Amino acid sequence: MSARPPESPRAYRGRLLTPLAASSNGDRVRYLDDALLVVGSDGRIVEAAPFAPGAFRGPVLDLRPSVLMPGFIDAHVHFPQTRIIGSASGSLLDWLERSVFPEEARFRDDGYAALVAGEFTARLAASGTTTCVVFSSSCAGATDQLFDALLRAGLRGIAGLTLMDQNCPEALCVPRDDAIAMARDLVQRWHGAGGGLLEFAITPRFALSCSRGLMEAAALLAHDHDLLVQTHVAETPAEGEATLREHPWARDYIDVYDRVGLLTGRALLAHGIHLTPREWDRLAEARSSVVHCPDSNFFLGSGRMRLADARARAVSVGLGSDVGAGRSFDMRRSMSSAFDNALCLGDRLLPSALFVMATQGTADAIGLGLVIGSLEAGKEADFIAVRFPEHLLGEAELLNHLVFAPETAAVHRAFVRGRPVHLRRLGAPPHHSP
Ligand code: GUN
Ligand code: ZN
């Protein structure tokens, strides 16, 4: 479980597209037509600057005309749903019963879990996702397989055992004390493994499938180890009503998580479509983050998240594929669906804003905004190389194709901390007529 050995400094030449550092810079990007990205032996970026002949003495991998950009970050994805993408079996609660729970029960078999974990990490890397925040199943063995696959693949990942002790099939139900003991063991084995690339996250599925006692115990464990918390909130009205019938002591959905101690500054709440103004205010006060999962919201018919509610309160918003309700591991699909979601609400997001959302914005939401999310000196070198048709010359055209026509923009290399995690050999650059 140790980190891979360091490598000598390397440099990559190509076009370069990156968010402009900190989130305070909003949606602005930096584009260089010919750049050099220098990576130190510690996996950090030494320099991301315009190419100057002779300025770097050492091997340079020339990736022109590809564009170097930060790897995508998926802030919400379900590993045991890898094989059920596209199961259109109804809205959220029906879909969980009919498609999700039967599949997740199969992950009690370690062999099956290992097989799917390999598929899962390969699909992430091939999509240019270098960091993921992941729900495992409720089974500790499957969660070990997931971490092991992330480690082998060299990806950055924050993952958790999915907690559920009620309102679920027996095959998935794990009583509180067993679940907390399993989570403690997983923290010992995996939190900080891979030289810090891997983290364990406290992962109550959602309040409907968790007793108050389980959520309180989980919150204590999160507090003890300063762990990220991830769960679902306000995805559909029916789920919200069932949640308050189950937890009548709470004044609203956010209050359930608040009172049990899960609404922390490291909480990532997925969906947040049907939150009231009070809930948004409380979320902002607690400095929790929301994960926008627009492709999933369209697929399950859950509704449209109002980004403006988050922005008005400076709530940090990350982007999540939510596979398997989301239909693709490719975060470009989520960016495109985020555009559609906003358009339905009368807003028009710029491709640059969508690109920033899936990189620096999501890094900020998951607490890694100073470590990854943009290409600048001092950050860890998580980046991808994307090949576009040659006729695309400028920043605006590249962004349009990146976000809305991913089939014209092949991710052919991906790196985490400067180490290759994906390589797809391409032929000659494609020539598309303009
Ligand atoms: N709410 C509780 N579990 C799930 C899940 O697996 N997917 C989605 N989209 N919502 C959920
Ligand atoms: Zn989800």
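Counting starts at 1 for both ligands and their atoms, following the listed order. Everything numeric in this text was worked out from a predicted model, so none of it was measured.
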Open item on the list: Please list the nearest protein heavy atom to atom 7 (N) of ligand 1 with its residue and the distance rounded to 0.1 Å.
Closed with: Trp95 CZ3, 3.4 Å

Task: Heavy-atom nearest neighbour in the protein, as seen from atom 6 (O) of ligand 1, with distance rounded to 0.1 Å - done: Arg205 NH2, 2.7 Å

Task: Audit row: Glu246, Thr243, side-chain hydrogen bond (donor to acceptor under 3.5 Å, both in side chains) steps and yes/no - done: CA-CA 5 Å; Glu246 191 61 52; Thr243 300; over 6 Å; no

- [ ] Answer yes or no: is there a donor N or O on one side and an acceptor on the other, between the side chain of Arg333 and the main chain of Ser328, under 3.5 Å?
- [x] no

By number and element, which atoms of ligand 1 are closer than 4.0 Å to a non-hydrogen atom of [X]?
{"X": "Phe206", "answer": "1 (N), 2 (C)"}
{"X": "Asp322", "answer": "8 (C), 9 (N)"}
{"X": "His271", "answer": "9 (N)"}

Open item on the list: Using the rule side-chain hydrogen bond (donor to acceptor under 3.5 Å, both in side chains), only one of His412, Arg15, Arg413 pairs with Ser66; which is it?
Closed with: His412

Open item on the list: Geometry only, no angles: is Glu235 polar-contacting ligand 1 at N/O separations under 3.5 Å?
Closed with: yes

TODO: Assess the pair Phe206 and His271: is the distance between their ring centroids shorter than 6.0 Å?
DONE: no

Task: Proximity to ligand 1 by part of Leu96, non-hydrogen separation under 4.0 Å - done: side chain

Open item on the list: Does Ser316 form a side-chain hydrogen bond (donor to acceptor under 3.5 Å, both in side chains) with Asp364? I'd like the steps, not just the answer.
Closed with: CA-CA 7 Å; Ser316 189; Asp364 290 336; 5.9 Å; no

Open item on the list: Does the Lys NZ or Arg CZ of Arg212 fall within the cation-pi geometry relative to Trp249 - under 6.0 Å from the ring centre and within 45° of the axis?
Closed with: yes

Open item on the list: Using a 6.0 Å distance limit plus a 45 degree cone around the ring axis, check whether Arg123 lies over the aromatic ring of Phe329.
Closed with: no

Open item on the list: So, with waters excluded, how many protein N/O/S atoms does the Zn ion (ligand 2) have closer than 2.8 Å?
Closed with: 4

Task: Ring geometry between His76 and His232 (parallel below 30°, tilted from 30 to 60°, perpendicular above 60°) - done: perpendicular

- [ ] Give the ring-plane orientation class for Phe135 versus His78, where under 30° counts as parallel, over 60° as perpendicular and anything between as tilted.
- [x] tilted

